[in-house]
**Q** 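Dropping a structure here in structure tokens format, bear with me for questions.
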Amino acid sequence: MMNKINKGFIVVLLCVCSVLVAQNNIQKQPNIILLFADDISARELPIYNSTVWSAPKSNTQKGGNTSNLEFRAQTPVLDKLANQGCYIETAWAATVCSPSRAMMMTGRYAHLHKWWHNKDRGKAPSGKGNWNLYESSPYNIASVAKAGGYSTYWAGKTQMNIDGFEFDEGCFTPGEGSYNKAIYTTDFRLETRKVNGNKKLFNADTGKELTQKSYVQSGWYWKPHVQLKNHPSTGKGLVWWPNDKTSKQEIGLNVYGPDVELDFVFDFMERKQKEDQPFFIYHTSHLGHDAFDFLHPESGQKWPGTPKISWDGSKYTRITPNITGDNGVYDTHETVTESGIHHHINYLDYQVWQYMNKLKELGIENNTIFIFCADNGTSGYGKSSPVSQKGTHVPLIIYAPGLNMTKKGFQNVLANMSDMVPTIAELGHVKIPDSYEINGESLIPFLTTHKKTHRDWVYGYHMEKQIIRGDYVLRDGNDVWYDVSQKQNDLISFPKITYWDSVSENHRKERDELLRILPKYNLHEAEHDAPKKGKDKPDPLTKYN
């Protein structure tokens, strides 16, 4: 009798313990992975159902619009995540890389951080040099995540001084300081050299002067320039990779930068999971960005090929690259794709599949929030364009199976890249002081309640030009107004508003409201640079339960 009672008690106890463990896992602070792709318009992803997308481009091909299915990206994994999670119809960034990344990393617009355009940045308070983001905006994406108890990792593209950001570790491609400077691992680099007193652009791999239009760059795709920050195998600070005997044997033509990034991201995730430490991954991939094609230096192709992959309906297979040659003459043995942004997007989908597999392997799929987005419109189409929403409209997919999301699939709402900092703050239970201006709005209330909308308007910028829209109207950087109340097949060809009497009262009311908002941010001329004395140190971040 006692044995039966004891056995029964043990069974009940085990059941109770199982429930408590399950509840603890559900309540555990979620990991966050933010995959920020480069120069990819929303229209490039099939989930957005645009009737046109971007064609390959080169020195002889202009790219532009196409409806040719041969150049359509295939994204089965992102499609699944978008439908099982959600995706936002109208997510906006700035029109070009640097100011968009500034918006993402600070949760603020250019009137505060002063990054108006790639080469139009406000001077520091001293009047010398540009104002660093971590100085203009101390409560940035890294410091907020750290305050929330996250271990932090930055992988991929930087495009800024990284020293002041509080990321614990990183893998940078290209590494800091490699532009126009030789490093021992690779000569895939375009550099300037003086010829008869004039600067000329040369391919360091071939030693030849470029006859085609390009710019100084270090290779971030094939045979990349890679630098690690604070990796356990290297100690503190920045170290060039490869940095040990094994990796030095691996480096070469078949090494693909996006693969290196992901390998180190996974290494970080594995270590943090063993430490039972929540992590925040900020993965700023180059994929989507055009670049010089070192494997085909005379081709003029703008989106270098990726390793070949194939999808069989349930899993991806990747062909191991086999590239031979040197000095600008290479044979890829049909293991590398042709040029085209669609191949870059396909490879991003493959990497997202790898992410999902790793989360399952680590047992944390249901306790990780995965966000996919991009920094601005596609090169040759929307990048650096203030017209309509060509430059600002980017994809935004949120997959969070453990978040109890009330939103599934397509969401006809407005969102902004500035929303990421307050979203991460809320996930980390971090209170940003009211005295500190944040322009983003946390997505969590929209994602987890029955709230029907997220934002009333979204904002972008292009130097002195301002772009803003609501549900009814859009004003672009050229002061042209559009009726955006109806979705267009190409996501862009909204009717222009010439006569305001031809649209509804709701259109006119929203126009007036947007015009009241714009002057607050219209400071390109009046307050282009940092305040001369800087700003008082804001109140500290606090963490709540």
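Every heavy atom of this structure was used, including side-chain atoms; hydrogens, water molecules and symmetry mates were not.
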**Q** For the atom pair CD1 (I33) and OH (Y282), what is the distance rounded to the nearest 0.5 Å?
**A**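 Output value for this atom pair is 15.0 Å.
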
**Q** Going by distance alone, is a donor N or O of one side chain under 3.5 Å from an acceptor N or O of the other, for E166 and T152?
**A**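 Result is no, nothing qualifies.
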
**Q** Could you tell me whether the side chain of D38 and the main chain of L287 form a donor-acceptor pair under 3.5 Å?
**A**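 No.
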
**Q** So does A155 get a backbone contact from the side chain of T284, meaning a donor-acceptor N/O pair under 3.5 Å?
**A**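 Pair found, side chain donor or acceptor close to backbone of A155.
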
**Q** Which residue pairs pass the salt bridge (charged side-chain N to carboxylate O under 4.0 Å, His left out) test with at least one member in residues 348-360, sequence neighbours excluded?
**A**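 Salt bridge (charged side-chain N to carboxylate O under 4.0 Å, His left out) check on residues 348-360 returns E270-K358, K358-E361.
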
**Q** Would you say the side chains of S98 and R121 form a donor-acceptor pair under 3.5 Å?
**A** yes

**Q** Quick one: does any side-chain atom of D419 pair with a main-chain N or O of N416 as donor and acceptor, under 3.5 Å?
**A**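 Looks like yes, one N/O pair under 3.5 Å.
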
**Q** Go through it in stages, so that I can follow the logic: the residues are S379 and D290, the test is side-chain hydrogen bond (donor to acceptor under 3.5 Å, both in side chains), and I'd like the CA-CA distance, side-chain angles, deciding distance and then a yes or no.
**A** CA-CA 7 Å; S379 177; D290 57 10; 2.9 Å; yes

**Q** Given 3.5 Å as the limit, does a donor-acceptor pair link the side chain of K543 with the main chain of G148, or not?
**A**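 Yes, the answer is positive, given that a donor and an acceptor are paired below the 3.5 Å cut-off.
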
**Q** Mind telling me whether H231 and F264 have parallel, tilted or perpendicular rings, with 30° and 60° as the class edges?
**A**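 Plane angle over 60°, so perpendicular.
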
**Q** Search all heavy atoms of L35 against all heavy atoms of S285 and return the closest pair with its distance.
**A** CD1-CB, 4.1 Å

**Q** So K248 and Y184, side chain to side chain contact (heavy atoms under 4.5 Å, CB included) or not? Walk me through it.
**A** CA-CA 11 Å; K248 286 179 180 178; Y184 74 97; 4.0 Å; yes

**Q** Looking at W220, Y221, F36, which one forms a ring pair (Phe, Tyr, Trp, His ring centres under 6.0 Å) with H289?
**A**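 That would be W220.
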
**Q** When you check the side-chain N and O atoms of S178 and Q227, is any donor under 3.5 Å from an acceptor?
**A** no

**Q** What class does the angle between the rings of Y521 and H111 fall in, given that below 30° is parallel, 30 to 60° is tilted and above 60° is perpendicular?
**A**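 Perpendicular, since the angle between the ring planes exceeds 60°.
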
**Q** Please check if atom CG in D326 has more than 12 non-hydrogen atoms from other residues, nucleotides or ligands closer than 6.0 Å.
**A**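 Result for CG/D326: enclosed.
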
**Q** How close do Q217 and A291 get, counting heavy atoms only, and between which atoms?
**A** OE1-CB, 3.7 Å

**Q** Exactly one of D375, N118, N376, D120 should register a side chain to side chain contact (heavy atoms under 4.5 Å, CB included) with P99. Which one does?
**A** N118

**Q** Compute the centroid of each ring, for F292 and then for Y215, and state whether the two points are separated by less than 6.0 Å.
**A**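 They do not qualify: ring centres at least 6.0 Å apart.
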
**Q** Might you work through the side chain to side chain contact (heavy atoms under 4.5 Å, CB included) test for V352 and F370, ending with a clear yes or no?
**A** CA-CA 9 Å; V352 173; F370 186 88; 3.8 Å; yes

**Q** Testing the 3.5 Å rule here: is there a donor-acceptor pair between the side chains of T192 and N180?
**A** yes

**Q** Using a 3.5 Å distance criterion without hydrogens, assess whether the side chain of N254 forms a donor-acceptor pair with backbone atoms of I323.
**A** yes

**Q** Could you give the distance from CG (L34) to CD1 (I424), rounded to the nearest 0.5 Å?
**A** 6.0 Å

**Q** For F188, does the six-membered ring have the charged nitrogen or CZ of K223 within the cation-pi criterion, i.e. under 6.0 angstrom from the centroid and within 45° of the normal?
**A**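 The answer is yes; both the distance and angle limits are met.
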
**Q** Can you name the nearest heavy-atom pair linking G305 to W222, along with the distance?
**A**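 In this case the closest contact between G305 and W222 is O-NE1, 3.0 Å.
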
**Q** Honestly, is R108 close enough over Y436, meaning NZ or CZ under 6.0 Å from the six-membered ring centre and within 45° of the axis?
**A** yes

**Q** Decide whether Y316 and Q351 meet the rule of one side-chain donor and one side-chain acceptor closer than 3.5 Å.
**A** no

**Q** Say whether H462 and S385, considering side chains only, have a donor N or O and an acceptor N or O under 3.5 Å apart.
**A** no

**Q** Side chains of S137 and N140 only: does a donor on one sit below 3.5 Å from an acceptor on the other?
**A** no

**Q** Is the shortest heavy-atom distance from the side chain of T423 to the side chain of I444 under 4.5 Å?
**A**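 With C-beta onward as the side chain, the pair touches.
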
**Q** Ignoring hydrogens and angles, tell me if any N or O in the side chain of S100 forms a donor-acceptor pair with the backbone of C97 under 3.5 Å.
**A**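 No; zero donor-acceptor contacts below 3.5 Å.
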
**Q** Taking atom types as modelled and ignoring hydrogens, do the side chains of N243 and T234 form a donor-acceptor contact shorter than 3.5 angstrom?
**A**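 No, T234 and N243 have no side-chain donor paired with an acceptor closer than 3.5 Å.
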
**Q** Write down the atom of T335, the atom of T332, and the distance for their closest heavy-atom approach.
**A** OG1-O, 2.6 Å

**Q** Anything under 30° is parallel, anything over 60° is perpendicular, the rest tilted; go ahead and classify H528 against H524.
**A**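 The arrangement is perpendicular - the two ring planes meet at more than 60°.
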
**Q** Can you find a side-chain donor-acceptor pair between S435 and D539 that sits under 3.5 Å?
**A**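 Checked: S435/D539 side chains pair up, N/O donor to acceptor below 3.5 Å.
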
**Q** Do Y179 and H225 touch side chain to side chain, with heavy atoms closer than 4.5 Å?
**A**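 They are not in side-chain contact.
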
**Q** How many angstroms lie between CG in L348 and OG1 in T75, if you round to the nearest 0.5 Å?
**A**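 That separation rounds to 10.0 Å.
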
**Q** If we count only N and O atoms by modelled type, under 3.5 Å, do the side chains of D205 and N327 hold a donor and an acceptor together?
**A** no

**Q** Okay, side chain of W303, backbone of K57: is any donor-acceptor separation there less than 3.5 Å?
**A**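 Judged by distance alone, no pair lies under 3.5 Å.
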
**Q** Any side-chain heavy atom of Y355 sitting closer than 4.5 Å to one from V265?
**A** yes

**Q** Give a yes or no on whether the backbone of H342 and the side-chain of N346 come within a donor-acceptor separation of less than 3.5 Å.
**A**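 A pair under 3.5 Å: yes.
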
**Q** Looking only at heavy atoms, which two atoms of S41 and G377 are closest? And how far apart?
**A**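 Nearest pair, atom of S41 first, then G377: OG-CA, 3.1 Å.
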
**Q** Under a 4.0 Å N-O cut-off, is there an ion pair linking D259 with R318?
**A** yes

**Q** Compute whether any side-chain donor of one residue and acceptor of the other, for T324 and D331, lie under 3.5 angstrom apart.
**A**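 There is no such pair (donor and acceptor under 3.5 Å, judged by atom type) between the side chains of T324 and D331.
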
**Q** Assess whether side chain to side chain contact (heavy atoms under 4.5 Å, CB included) is satisfied between Y150 and L427, documenting all intermediate values.
**A** CA-CA 10 Å; Y150 287 101; L427 291 170; 4.1 Å; yes

**Q** Is a side-chain donor or acceptor of D244 paired with a backbone partner of S247 at a separation under 3.5 angstrom?
**A** yes

**Q** Less than 4.5 Å apart, any side-chain heavy atom of Y87 and any of P395?
**A**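 The answer is no; the side chains never approach within 4.5 Å.
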
**Q** Sort out for me which residue in K229, K272, K146 forms a salt bridge (Lys or Arg N to Asp or Glu O under 4.0 Å) with D168.
**A**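 Among K229, K272, K146, the one that satisfies the salt bridge (Lys or Arg N to Asp or Glu O under 4.0 Å) with D168 is K146.
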
**Q** Would you give the length of the straight line joining atom OG1 of T95 to atom CD1 of I467, rounded to the nearest 0.5 angstrom?
**A**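 With rounding to 0.5 Å, OG1 (T95) is 6.0 Å from CD1 (I467).
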
**Q** Give me the ring orientation class for W154 and F167: parallel if the planes are under 30° apart, tilted from 30 to 60°, perpendicular past 60°.
**A**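 Taking F167 first and then W154, their aromatic rings sit tilted (interplane angle of 30° to 60°).
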
**Q** Is it true that the side chains of H344 and E44 contain a donor and an acceptor less than 3.5 Å apart?
**A** no

**Q** Measuring from atom OG of S418 to atom CE of M105, what distance do you get when rounded to the nearest 0.5 angstrom?
**A** 14.5 Å

**Q** Mark yes or no for whether Y134, through its side chain, and I162, through its backbone, hold a donor-acceptor pair below 3.5 Å.
**A** no

**Q** Can you find a pair of side-chain heavy atoms, one from P174 and one from H286, that are under 4.5 Å apart?
**A** yes

**Q** Do the non-hydrogen side-chain atoms of V430 and Y139 ever get within less than 4.5 Å of each other?
**A**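 Not touching, per the 4.5 Å side-chain cut-off.
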
**Q** To check you understand the geometry: which heavy-atom pair defines the closest contact between P278 and G149, and what is its length?
**A**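 Nearest heavy atoms, P278 then G149: CG-O, 3.7 Å.
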
**Q** Going from NE2 on H429 to CD on Q29, what distance comes out if it is rounded to the nearest 0.5 angstrom?
**A** 7.0 Å

**Q** Using side chain to side chain contact (heavy atoms under 4.5 Å, CB included), reason through F372 and L45 one step at a time and then give a plain yes or no.
**A** CA-CA 11 Å; F372 177 89; L45 271 65; 3.9 Å; yes

